[in-house]
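In this text the structure is predicted, and so the values were computed from the model without any measurement. In this chain, residues are counted from 1 in sequence order.
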Amino acid sequence: MRRPSAAPTAAFAALLLAAPAVARAQTPGSPPGHSLVWADEFAVDGLPDPALWTYDTHANRTGWYNNELQYYAADRLENARIADGRLIIEARRERLDSAADHGGQDYASARLLSREGWTYGVFQARAKLPCGRGTWPAIWMLPVDLETWPGDGEIDIMEHVGHRPGVVHGTVHTGRYNHVAGTQRGAEVAVPDACDAFHVYEVRWTPEAVDFVLDGRPYYRFPNERTDRAAWPFDRPFRLILNVAVGGDWGGAEGVDAAAFPQRLEIDWIRVWRAD
């Protein structure tokens with residue numbers, strides 16, 4: 001999820017809280033040589049589990065990055081809920097006049113952050129994407145102790161923009177390789193039924209590389225060139241982030257179809273594995 005070259009607020013940088021880890025145990029379907037250390041199977045209807053997730057709302061009044069149009073709500077079922085075994089993040093065309101920190105946005109959505117962070121591992125999410133023009137869903141990662149972007153790094157497990165339906169992007173951003181400089185590293189992969197069917201979006205992150213994988217098939221590798229931190233800041237804990245943005249410099253490059261909303265990102269499960 002692209003961001004400007006600026007430090008976040010202290011409230012955002014301090015969100016890490018303790019959360020219970022999934023017991024190390026070999027699980028059917030696990031990557032070879034790995035054990036499950038954290039997961040959310042979205043088994044209980046209602047709001048997302050507060051022991052696993054928190055909400056990022058810090059820029060609602062000042063405006064979100066990339067000229068996005070949404071307000072990110074917290075503890076609001078209309079925008080983030082678990083139903084029928086799936087997490088639904090729903091972007092809706094509505095102005096939340098009752099919200100004390102509302103900045104006048106015409107769309108409401110949600111942005112969830114995992115309370116836990118990890119250094120290295122396999123990160124998987126089985127998801128179905130929204131395709132309305134102007135939508136910008138993302139499953140991605142930032143450092144727990146983020147201070148500066150892009151120097152501290154970013155891993156975009158999955159990004160999709162509604163004006164290019166069925167084209168999924170996997171990308172990394174670092175001080176040397178980032179979209180502001182036009183040097184970002186990543187690839188796109190065709191997923192023609194991304195908005196109609198569930199697929200597993202995955203990264204395999206080791207000290208040697210970040211590999212991007214779709215339904216078990218690798219499609220891009222970002223290697224550790226072992227030069228300096230500007231090229232490889234991926235050596236400390238990163239947290240998971242789930243959101244649906246509306247509009248913005250990329251998501252809204254061909255406008256926003258207001259009539260297409262509401263639009264949903266549906267996630268069947270999300271899992272984190274660590275090497276044994």
Exercise for review: To the nearest 0.5 angstrom, please state how far the CG atom of N60 sits from the CZ atom of R111.
Suggested key: 10.0 Å

Practice item. Take V246 and V256, measure what side chain to side chain contact (heavy atoms under 4.5 Å, CB included) needs, and give me the verdict at the end. Key: CA-CA 8 Å; V246 179; V256 177; 4.1 Å; yes

Check your understanding: Do any N or O atoms from the side chain of E266 and from the backbone of K128 form a donor-acceptor pair under 3.5 angstrom?
Key -> no

Practice item. In sequence, state the C-alpha distance, the side-chain angles, and the governing distance for V122 and E202, and then conclude on side chain to side chain contact (heavy atoms under 4.5 Å, CB included). Key: CA-CA 7 Å; V122 175; E202 174 181 345; 3.4 Å; yes

Review point. At their closest point, which heavy atom of I82 faces which heavy atom of V44, and how far apart are they?
Key: CG2-O, 3.2 Å

Check your understanding: To the nearest 0.5 Å, how far apart are OG in S109 and CD in E78?
Key -> 12.5 Å

Check your understanding: Out of curiosity, does W38 fall in the hydrophobic cluster containing V203 (side-chain heavy atoms, cut-off under 4.5 Å, transitive links)?
Key -> yes

Check your understanding: In terms of heavy-atom contacts, does CZ of R93 have more than 12 from other residues, nucleotides or ligands at under 6.0 Å?
Key -> no

Exercise for review: Under the salt bridge (Lys or Arg N to Asp or Glu O under 4.0 Å) rule, collect the residues that match up with R226, sequence neighbours excluded.
Suggested key: E208

**Study point:** Interatomic spacing from CG in L242 to CE in M158 - rounded to 0.5 Å
**Key:** 9.0 Å

Exercise for review: Using the test salt bridge (Lys or Arg N to Asp or Glu O under 4.0 Å), find all partners of D40 that sit at least two apart in sequence or belong to another chain.
Suggested key: none

Check your understanding: Between R164 and E254, is the closest basic N to carboxylate O distance under 4.0 Å?
Key -> no

**Study point:** Side-chain donor or acceptor of R95 paired with backbone N/O of G104 under 3.5 Å
**Key:** yes

Review point. Parallel, tilted or perpendicular: which describes the rings of W232 and F234, with under 30° parallel and over 60° perpendicular?
Key: perpendicular

Check your understanding: Do NZ/NE/NH1/NH2 and the carboxylate oxygens of D228 and R176 come within less than 4.0 Å?
Key -> yes

Review point. How long is the gap from CH2 on W269 to CZ on R86, to the nearest 0.5 Å?
Key: 13.0 Å

Review point. Is R76 salt-bridged to E94, going by a charged N under 4.0 Å from an acidic O?
Key: yes

Review point. Is the W149 ring parallel, tilted or perpendicular to the H179 ring (thresholds 30°, 60°)?
Key: tilted

Check your understanding: Atom CG of L112 and atom CG of D49: how far apart are they, to the nearest 0.5 Å?
Key -> 11.0 Å

Review point. Between W136 and E159, does any side-chain donor sit less than 3.5 Å from a side-chain acceptor?
Key: yes

Practice item. Check the side chains of N66 and D249 for a donor-acceptor pair under 3.5 angstrom, ignoring hydrogens and angles. Key: no

Practice item. Tell me yes or no: between the side chains of W140 and N243, is some donor less than 3.5 Å from an acceptor? Key: yes

Point to revise | F198: partners by ring-ring contact (aromatic ring centres under 6.0 Å, His included), with sequence neighbours left out | key: none

Check your understanding: Would you say the side chain of S35 lies within less than 4.5 Å of the side chain of D276, judging by non-hydrogen atoms?
Key -> yes

Exercise for review: Report the C-alpha separation of R236 and D152 in whole Å, then their side-chain angles, then the decisive distance to 0.1 Å, and conclude whether the salt bridge (charged side-chain N to carboxylate O under 4.0 Å, His left out) test is met.
Suggested key: CA-CA 10 Å; R236 55 178 166 164; D152 289 340; 2.7 Å; yes

Check your understanding: Between E116 and S114, is any side-chain donor less than 3.5 angstrom from a side-chain acceptor?
Key -> no

Revision key, fill the gap. Value for CD (Q124) from CG (D215), rounded to nearest 0.5 Å, stands at 10.5 Å

Point to revise | Donor-acceptor contact below 3.5 Å, side chain D193 vs main chain D196 | key: no

Practice item. For side chain to side chain contact (heavy atoms under 4.5 Å, CB included), just list the numbers for Y177 and F222, CA-CA rounded to whole Å, side-chain angles, deciding distance to a tenth of an Å, and then say yes or no. Key: CA-CA 11 Å; Y177 305 119; F222 177 75; 3.9 Å; yes

**Study point:** Under 3.5 Å: donor-acceptor pair, side chain of H34, backbone of P32
**Key:** yes

Check your understanding: Hey, is R81 close enough to D45 for a salt bridge, meaning N to O under 4.0 Å?
Key -> no

Study note, to complete from the structure: Of all heavy-atom pairs linking V161 and G251, the shortest is CG1-CA, 3.8 Å

Check your understanding: What class does the angle between the rings of Y219 and F212 fall in, given that below 30° is parallel, 30 to 60° is tilted and above 60° is perpendicular?
Key -> tilted

